[in-house]
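This structure is a prediction, so every number in the text was calculated from the model and none was measured. Residues: numbered from 1 along the sequence shown.
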Amino acid sequence: MSPAARSLLLSGARRRRRSFSTEAPSLPQQLPRRKRWDAVVIGGGHNGLAAAAYLARAGRSVAVLERRGVLGGAAVSESDLVPGFRFSRCSYLLSLLRPALIRELELERHGLNLLPRSPSSFTPCLDGRYLLLGPDAELSHSEISKFSKNDAEAYPRYEEKLERFCKLMDFVIDSPPPELRHEYHLSMVDRMKDKVDKSVFWSKLLGIVMQQGQKDMVDFFDLLLSPASKILNNWFEGDVLKATLATDAVIGTMAGVHTPGSGYVLLHHVMGETGGQRGVWAYVEGGMGSVSSAISKAALEAGVEIVTNAEVSQILVHHTSGRVQGVVLADGTEVLTPIVLSNATPYRTFVDLVPANVLPDDFLSAIKTADYSSATTKINVAVDRLPQFSCCKDFNPEGGPEHMGTIHIGSESMEEIDLAYREAANGVSSTRPVIEMTIPSVLDKTISPPGRHVINLFVQYTPYKLSEGSWQNSNVRKSFAERCFSLIDEYAPGFSSSVVGYDMLTPPDLEREFGLTGGNIFHGAMGLDSLFLMRPAKGWSDYRTPVKGLYLCGSGAHPGGGVMGAPGRNAASVVLEDLRTQ
């Protein structure tokens, strides 16, 4: 990010402050009359809102157009599904949100309150054992020692190694990729400056690499290219620990523990932070919608206009110049602007919204053939009591250590995870699904009635298209939900009888309700062929697109998925840089 762009991003910090409540803002459902906007953002997800906030803080007039009646995209809280309960319908934990974004947009002042979890992980076993992990190093050492003393000694070294790799990743995540595409519309001076900026990026990256040392860099590339199973087998001997860590590598993907490149996602174990502490994941008070709410308040304070129930049906492109002219809403309303930032998926943006015969064939082919596969189903459950796990002798009805963090169900070995994946690869939802269970209401008392709880079940593997039957069939849906509940019953008898209601989102549901192509929560696969300079397509990783004035600002752009805000923040810096050179 150039100094000029960074200065523009931060310029809004000196604006007059206003205080806001933690409640979501009341938003109009119609744009105010205005002939033309400096920029329009398609989609009110957290990245789109972040991009809008930064642009407005730099003095630009910005409108955000959200298709649904509620803001947040996949970072959303909804209360009307089971009376009295508030669900984080899609995303459910926070750690990856960039510290710079939290600081610059003053999200804590706008109501963001994080609830760190300790312990952060609990894996129950059918033989009566269990494994707790968390930020408490002594606890983790003691717990791992129950299975393997060698693993207990190796685990701190494993985390330390991953944390060193994350220092390299931090710089890459917070920077627009240095595309080498020729920008012939730039003046000679600006082209020279562009080359200097790219040289600075590579020089900084090289400096960070040199600090890592040769052995660390070899290990880093081994992590990037290897299956998670290989990495974990090299570090540890205990099945339960390896399986617990392996879930980080496959979460949200149609991939298994033996898939090459799955080792990279192990970095998510320590990539994020909460309160400056690496690898700590947190619940968000009020649910994940509170993240989007805080960003929207920062955007509103900066002067952004946010409109819900405003579906964009087409991006207007001038037939001769090839430049963006605005967007058309589903009701036919034209919104004029020379700059459009799309927070929709690359497929939705370029295949559905950009007019035909505008994009280069090779680019459009790359977008259409990208991997949008998903194997993820999210089940939001309302229960009348906490689950009581057979492996835990002491049960606290208000919540014990086993209820605080992520509870790994059906993950006692990497072989179990691999079997579940192979079934889905053949079009069959897993017989014994891999379930990540979280119970945010143990720490967040605002989302459920007293004594009752919200439980998130992030379930794998469920193919988008079943080899037999359909997710549209209510019996198929009910059968799968009950299969998940029955599996939990094996570890916590009576869980099924505690369920008072639930909301289930299969891959087709995620596509239909949230616009996630293929149901992929990352806006596209996060394989090595789809990251950094290759995301969303080779030659177009810097948020710009073949259509002048059209930018990507969502998870389909670098650095990818997760509630991190980096695509929105980075895209805004690129837009501001382009405006400066026009």
Side-chain angles (χ1 to χ4, degrees), residues 1 3-25 27 38-39 41 43-64 66 71-77 91 94-115 170 173-176 272-276 282 284-306 341 343 543 551 553-555 557 559 562-577:
M1 188 182 301
R6 185 177 299 278
S7 176
L8 286 169
L9 282 177
L10 297 175
S11 63
R14 293 184 292 274
R15 291 177 177 268
R16 180 171 60 89
R17 295 186 177 185
R18 297 184 305 186
S19 61
F20 285 88
S21 71
T22 58
E23 293 299 314
L27 300 172
D38 291 337
V41 178
H46 79 283
N47 276 308
L49 293 168
Y54 280 111
L55 292 174
R57 285 158 63 94
R60 305 293 172 171
S61 61
V62 187
V64 175
E66 168 55 40
L71 282 179
V76 65
S77 303
S91 60
L94 194 71
S95 179
L96 301 178
L97 191 64
R98 305 312 297 159
L101 187 149
I102 295 174
R103 182 178 63 254
E104 292 161 2
L105 297 187
E106 302 178 272
L107 296 189
E108 292 180 359
R109 180 170 67 86
H110 290 296
L112 182 66
N113 184 27
L114 304 185
L115 306 171
D170 281 343
I173 286 171
D174 289 328
S175 304
E273 63 179 68
T274 297
V284 181
E285 186 176 50
M288 290 298 289
S290 296
V291 177
S292 302
S293 176
I295 300 174
S296 72
K297 289 170 185 174
L300 290 168
E301 184 179 65
V304 175
E305 294 287 348
I306 303 174
L341 296 89
N343 192 32
Y543 311 100
Y551 301 79
C553 67
S555 294
V563 183
M564 65 173 70
R569 180 176 181 269
N570 292 349
S573 75
V574 170
V575 171
L576 292 171
E577 186 71 21

- After noting the C-alpha distance and the side-chain angles of Arg98 and Ile173, does the key distance pass the side-chain contact (heavy atoms from CB on, under 4.5 Å) rule? CA-CA 9 Å; Arg98 305 312 297 159; Ile173 286 171; 3.6 Å; yes

Which pair of non-hydrogen atoms, one from [X] and one from [Y], has the smallest distance, and what is that distance?
X: Thr274; Y: Ala282; result: OG1-CB, 3.8 Å
X: Asn47; Y: Ser555; result: ND2-OG, 3.7 Å
X: Gly562; Y: Leu96; result: CA-CD1, 4.3 Å
X: Ala51; Y: Leu341; result: CB-CD2, 4.1 Å
X: Gly44; Y: Glu66; result: N-OE1, 2.6 Å
X: Ala52; Y: Val64; result: CB-CG2, 3.5 Å

Short question: side chain of [X], backbone of [Y] - any donor-acceptor pair under 3.5 Å?
X: Arg57; Y: Glu104; result: yes
X: Ser293; Y: Ser290; result: no
X: Asp174; Y: Arg569; result: no
X: Ser91; Y: Ala74; result: yes

If you measure from [atom1] on [X] to [atom2] on [Y], what distance do you get to the nearest 0.5 Å?
X: Tyr551; Y: Asn570; atom1: OH; atom2: CG; value: 14.0 Å
X: Glu305; Y: Ser61; atom1: CD; atom2: OG; value: 9.5 Å
X: Leu101; Y: Glu106; atom1: CG; atom2: CD; value: 11.5 Å
X: Leu105; Y: Ile295; atom1: CG; atom2: CD1; value: 7.0 Å

- Query: Can you list the residues that meet the side-chain contact (heavy atoms from CB on, under 4.5 Å) rule with Ala557, with sequence neighbours excluded?
  - Reply: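 Counting only residues at least two positions away or on another chain, Ala557 forms a side-chain contact (heavy atoms from CB on, under 4.5 Å) with Tyr543, Leu552.
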
- Message: Using the rule given for side-chain contact (heavy atoms from CB on, under 4.5 Å), can you reason through Leu71 versus His46, listing the C-alpha separation, both sets of side-chain angles and the distance that settles it, and then say yes or no?
- Response: CA-CA 8 Å; Leu71 282 179; His46 79 283; over 6 Å; no

- Item | Val575/Leu55 under side-chain contact (heavy atoms from CB on, under 4.5 Å): CA gap, chis, key distance, verdict | CA-CA 8 Å; Val575 171; Leu55 292 174; 3.8 Å; yes

- Pick out which of Leu107, Val291, Val284 makes a side-chain contact (heavy atoms from CB on, under 4.5 Å) with Leu114.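 Of the listed residues Leu107, Val291, Val284, the side-chain contact (heavy atoms from CB on, under 4.5 Å) partner of Leu114 is Val284.
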
- Kindly write out the residues that satisfy side chain to side chain donor-acceptor pair (under 3.5 Å) with Asn113, not counting sequence neighbours, or none if the list is empty.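 Glu285.
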
